[in-house]
S.K.: 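There's a structure below that I have some questions on.
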Amino acid sequence: MSQQIPIDPDARADGPLGSDGTHEVGSDLAYQRHAIVNVIYYGRPGAGDRGWVLIDAGVMGSKAAIVKAAEKRFGAGARPSAIVLTHGHFDHVGVVEDLSREWQVPVWAHPLEHPYLNGSAAYPPPDPTVGGGLVARLSPLFPRAPVDVSAHLATLPEDGSVPPMPGWRWIHTPGHSVGQVALWRDADRTLIAADAFVTTAQESAYAVAVQEPELHGPPMYFTLDWDAARRSVQALADLEPELAITGHGRPLQGAALREALHTLARDFDIVALPKQGHYVEEPAKAEDRSAYRGS
């Protein structure tokens, strides 16, 4: 199993590191890497208080870096109008409790993800047997317990709109997590893919450090339903994105991105599916509640 689709480095879409600690990806999009995960800032520089949106909330300990970047990018004391969560894994919600409370902002998420965000259910255990590197082997040590932002939690509307982000829509991309969503802007075919696919071998500590541009399936150790994950990749490939920002790795753009994404969708079982693994044989689902464990 190759586990990756190489991509020409010219397909990278990230700009140099700016003075605010972020990499610009467009006039109103930037991302910041926090150890193993990306946090995304949506809004034009200088947008001011309530003029921008934070997408995902990093790992534990990243609050100061997020607040500093936001103030430099959008203005002193600039709070977001909302936090939008793609899903609730520990590396995407690390400081969401602190930030939502301090900023007094709604936290938008898919309803199937709410049990992980209102304190009522934990994720199933990660699967270190999927292989791929040190990060996968260490995954049993990663936090699974829910956060509790119930005082600020909001449900993404059934019509697919994203209220704090006009012009965007959410797309349900289950598999890695039952309530994971991607965000899509039709106007310029921009995709925020979360962990439906990623652009680094997230299972490998070396790959995470080096960040060579490659296309991969979702991080294997946390993916609960591989059939659903396959369908999610196929749905995102059908969008023909011009730009994709993923939860892990560098953003990619252009024809090389689209070609690689179609290859991943076509060859998903060869490239992305582990040769073995608990959830390969017994997926965890929302329908039978196997995806939700006691907190």
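Numbering of residues begins at 1 and proceeds along the displayed sequence.
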S.K.: Give a yes or no on whether a salt bridge exists between Asp186 and Arg189, defined as a side-chain N under 4.0 angstrom from a carboxylate O.
M.R.: no
S.K.: Shared ILVMFWY cluster between Val280 and Leu264, side chains joined below 4.5 angstrom?
M.R.: yes
S.K.: My understanding is that only residues two or more places apart in sequence, or in another chain, count here; which of them pass ring-ring contact (aromatic ring centres under 6.0 Å, His included) with Trp184?
M.R.: none
S.K.: How would you list, by chain and number, every residue that makes a side chain to side chain contact (heavy atoms under 4.5 Å, CB included) with Ala229, sequence neighbours excluded?
M.R.: Pro218, Thr223, Trp226, Phe268
S.K.: Could you tell me whether Phe197 and His216 have their ring centroids closer than 6.0 angstrom?
M.R.: no
S.K.: Under 30°, 30 to 60°, or over 60°: which ring-plane class applies to Phe90 and Phe222, parallel, tilted or perpendicular?
M.R.: perpendicular
S.K.: Which residue pairs pass the side chain to side chain donor-acceptor pair (under 3.5 Å) test with at least one member in residues 59-72, sequence neighbours excluded?
M.R.: Lys63-Glu102
S.K.: Do Trp168 and Ile192 have side-chain heavy atoms sitting under 4.5 Å apart?
M.R.: yes
S.K.: Answer with yes or no whether the hydrophobic clustering places Leu117 together with Ile66; edges join I, L, V, M, F, W, Y residues whose side-chain heavy atoms lie under 4.5 Å apart.
M.R.: yes
S.K.: Under 4.5 Å between side-chain heavy atoms, counting indirect links through other Ile/Leu/Val/Met/Phe/Trp/Tyr residues: same cluster for Trp52 and Val96 or not?
M.R.: yes
S.K.: Quiz question: by atom type and distance under 3.5 Å, do the side chains of Arg169 and Ser161 form a donor-acceptor pair?
M.R.: no
S.K.: Pro16 versus Glu24: any side-chain heavy-atom pair under 4.5 Å?
M.R.: no
S.K.: Just how far is it from atom CD of Gln276 to atom CG of Asp127, taken to the nearest 0.5 Å?
M.R.: 8.0 Å
S.K.: My understanding is that only residues two or more places apart in sequence, or in another chain, count here; which of them pass side chain to side chain contact (heavy atoms under 4.5 Å, CB included) with Asp225?
M.R.: Asp227, Ala228, Pro283, Lys285
S.K.: Would you say the ring centers of Tyr116 and Tyr123 fall short of 6.0 Å from each other?
M.R.: yes
S.K.: For His110, check side chain to side chain contact (heavy atoms under 4.5 Å, CB included) against everything at least two apart and list the hits.
M.R.: Leu112, Trp170, His172, Val181
S.K.: Do other residues, nucleotides or ligands put more than 12 heavy atoms under 6.0 Å from Glu158 CD?
M.R.: no
S.K.: State plainly whether the residues Arg250 and Glu214 are in salt-bridge range, i.e. N to O under 4.0 Å.
M.R.: no
S.K.: What pairs with Pro164 under side chain to side chain contact (heavy atoms under 4.5 Å, CB included), at least two apart in sequence or on another chain?
M.R.: Val53, Ser81, Ala82, Val84, Trp108, Val162
